[in-house]
Amino acid sequence: MAANTMARSFLQVAATEEVAPPLRVVQIEGLVILKIIKHCKEFSPNLVTGQLLGLDVGSVLEVTNCFPFPARVVEEDEEIEAEGANYQLEMMRCLREVNVDNNTVGWYQSTLMGAYQTDEVIQTFLNYQENIKRCVCIIYDPLKSNQGVLALKALKLSDSFMELYRSNNFTGEKLREKNLSWVDIFEEIPIKVSNSALISAFMTELEADTPVTQCDCDRLQLSTSPFLERNVEFLIECMDDLSTDQQKFQYYYRNLSRQQAQQQAWLQKRRTENMARKAVGEEPLPEEDPSNPIFKPLPEPSRLDSYLITNQVSNYCNQINGVAGQSFSRLYLTKALHEN
């Protein structure tokens, strides 16, 4: 009887187990952000990555520490990849010995002009989510940060996209069925920077007495041509890639139309032949012949590449729009100062 009571209690607890709330905020300590910025800027323009450590508390993902991954010289060398994995395990073991949070909550990586929408990032998300249900990727862009903006964002893959990616079925029919567009691949999570009271007091003491700093003067620079030019160059490359990808779909639809026309001609010929056979009292032939190559379905190209390229195009357009808007504001300000 006691065993049955315990079994029922366990089942009741399992049935009433609360579902984890959705992720709302990524809370990062200021020291972690400084480590990420230092690592990314030291190796810029080369891309670097690192591990994020912290705690998953309700709807908040706390990032309390991080450490960099060693730079890869040869991407496909299995021995170097094994050394990198051993390095991560050793780092986490050392952090655990000194009572530092060593729970993996994601990874960070640098990017060049916001070009992070790649299949490699999606594969990394899948690898992390095999063991971690909720993980994020912190993206930092050193070049964009030089324009006076902290280019730091936290990303995760949407659940609907993850489900579709695991099935590896990115056909137009499936995307319409799931109502998934190119904007539904990544979800940006708001970032909240937190510091202890002791660090906040120390930063207040370090604050300069002068109301205007060099950083404030740098914001008034009128020259934005290098950043703007590189954005336009990358945008042109993405448009070329998108055009090439669209040509694959045009080729597919031409072949599909040609196949449908051949099927209709074959069916019309078979029906005419069956009418003649019926007239002489013979059995009609089947109207479908699976062995005929014209009835073999054509494989539809995946639309994942188009979605990723479209995301990059949108990102470059937003960056160009932001830089151009700031440039016009500075030009109008300079014009007003000259007139006065």
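What you are looking at is a predicted structure, and each value in this text was computed from that prediction instead of being measured.
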### Message
Once side-chain contact (heavy atoms from CB on, under 4.5 Å) is applied, do any residues pair with Gln262, and if so which ones, sequence neighbours excluded?
### Response
Arg258, Ile294
### Task
Could you grab the distance from atom CD1 of Ile139 to atom CD1 of Ile36, nearest 0.5 Å is fine?
10.0 Å
### Message
Tell me whether Gln109 contacts the main-chain N or O of Cys137 through its side chain, where contact means a donor paired with an acceptor under 3.5 Å.
### Response
no
### Task
Provide the closest heavy-atom pair for Phe249 versus Ser302 in the form atom of the first, atom of the second, distance.
CZ-O, 3.6 Å
### Cluster link Val25 to Leu150, ILVMFWY, side chain under 4.5 Å
no
### Query
Going by the side-chain hydrogen bond (donor to acceptor under 3.5 Å, both in side chains) test, which pairs reach into residues 53-64, not counting sequence neighbours?
Asp56-Arg134, Thr64-Asp101
### Query
If only atom types and distance count, is the side chain of Ser257 paired as donor or acceptor with the main-chain N or O of Tyr253 below 3.5 Å?
yes
### Message
Is there a continuous path of hydrophobic side-chain contacts, each under 4.5 Å between heavy atoms, that joins Tyr140 to Leu47?
### Response
no
## Note on the structure
Distance col, row Asn315:CG vs Asn231:CG, nearest 0.5 angstrom, shows 8.0 Å
### Query
In chain order, what residues pass the side-chain hydrogen bond (donor to acceptor under 3.5 Å, both in side chains) check against Glu300, with sequence neighbours excluded?
Arg303
### Message
Working to the nearest 0.5 angstrom, can you tell me the gap between Lys41 NZ and Ser110 OG?
### Response
12.5 Å
### Query
When you measure from the side chain of Ser44 to the backbone N and O of Cys40, does any donor-acceptor pair fall under 3.5 Å?
no
### Query
How long is the gap from NE2 on His39 to SG on Cys66, to the nearest 0.5 Å?
9.5 Å
### Task
Considering non-hydrogen atoms only, spot the tightest contact between Pro190 and Arg24 and give its length.
CD-O, 3.2 Å
### Task
Count the heavy atoms belonging to other residues, nucleotides or ligands that lie under 6.0 Å from CD of Glu282, then report whether that count exceeds 12.
yes
### Query
What are the two closest heavy atoms between Tyr316 and Met113, and how far apart are they?
CE2-O, 3.1 Å
### Query
Should Val193 and Val60 be counted in the same cluster of Ile, Leu, Val, Met, Phe, Trp and Tyr side chains packed under 4.5 Å apart?
no
### Task
Say whether, by atom type as modelled, one donor and one acceptor occur between the side chain of Asn274 and the main chain of Pro284 under 3.5 angstrom.
no
### Message
Would Phe170 and Leu175 count as a side-chain contact (heavy atoms from CB on, under 4.5 Å) here? Give the steps.
### Response
CA-CA 6 Å; Phe170 283 95; Leu175 292 172; 4.1 Å; yes
### Message
Would the distance check show the side chain of Glu188 and the main-chain N or O of Lys153 forming a donor-acceptor pair, the cut-off being under 3.5 Å?
### Response
no
### Query
So, the side chain of Ser167 versus the backbone of Leu164: is there a donor-acceptor pair under 3.5 Å, distance only?
yes
### Message
Testing the basics here: between Lys156 and Asp159, what is the closest heavy-atom pair and its distance to 0.1 Å?
### Response
NZ-OD1, 4.1 Å
### Task
Would you kindly confirm whether Leu157 and Ile191 end up in one hydrophobic cluster when ILVMFWY residues are joined by side chain heavy atoms under 4.5 Å apart?
no
### Task
Check the pair Lys144, Gln319 against side-chain contact (heavy atoms from CB on, under 4.5 Å), reporting the backbone distance first and the verdict last.
CA-CA 9 Å; Lys144 188 175 179 181; Gln319 289 183 161; 3.6 Å; yes
### Task
Show your reasoning for whether side-chain contact (heavy atoms from CB on, under 4.5 Å) applies to Gln259 and Leu256.
CA-CA 5 Å; Gln259 185 189 55; Leu256 184 63; 4.0 Å; yes
### Query
Which value, rounded to the nearest 0.5 Å, describes the distance between Leu61 atom CG and Ile28 atom CD1?
9.0 Å
#### Entry: The single option from Leu31, Ile33, Val32 passing side chain to side chain contact (heavy atoms under 4.5 Å, CB included) against Lys35
Leu31
#### Entry: Lys269 vs Glu273, salt bridge (charged side-chain N to carboxylate O under 4.0 Å, His left out): CA-CA, chis, key distance, verdict
CA-CA 6 Å; Lys269 181 180 178 181; Glu273 184 179 353; over 6 Å; no
### Query
Do the ring centers of Trp107 and Phe125 come within less than 6.0 Å of each other?
yes
### Heavy-atom side-chain contact between Val63 and Tyr108 under 4.5 Å
no
### Message
Once rounded to the nearest 0.5 Å, what's the spacing between atom CG of Leu308 and atom OH of Tyr116?
### Response
11.0 Å
### Side-chain heavy-atom pair Arg254, Gln250 within 4.5 angstrom cut-off
yes
### Query
Any ion pair linking Glu90 and Arg93 (charged N to carboxylate O, less than 4.0 Å)?
yes
### Message
So that I know where these two stand, are Phe186 and Tyr307 an aromatic pair - ring centroids less than 6.0 Å apart?
### Response
no
### Task
Evaluate the side-chain proximity of Gln27 to Ser194: yes if any heavy-atom separation is below 4.5 Å, no if none is.
yes
### Message
Assess, by modelled atom type and distance only, whether the side chains of Asp119 and Tyr165 contain a donor and an acceptor separated by less than 3.5 Å.
### Response
yes
### Task
Would you confirm whether Ser314, through its side chain, and Thr310, through its main-chain N or O, come within 3.5 Å as a donor-acceptor pair?
no
#### Entry: Pair Asp241, Thr244: side-chain N/O donor-acceptor within cut-off below 3.5 Å
no
### Test log, rule side-chain contact (heavy atoms from CB on, under 4.5 Å), inputs Thr104 and Asn131
CA-CA 10 Å; Thr104 302; Asn131 301 315; over 6 Å; no
### Query
Short question: side chain of Thr111, backbone of Asp141 - any donor-acceptor pair under 3.5 Å?
no
#### Entry: Hydrophobic cluster identity match, Phe67 and Val105, side-chain contacts under 4.5 Å
no
### Message
Looking at every heavy atom in both Arg277 and Glu283, which two are closest together, and how far apart are they?
### Response
NE-O, 2.8 Å
### Task
Give the minimum heavy-atom separation between Cys238 and Gln312, together with the two atoms involved.
SG-OE1, 3.3 Å
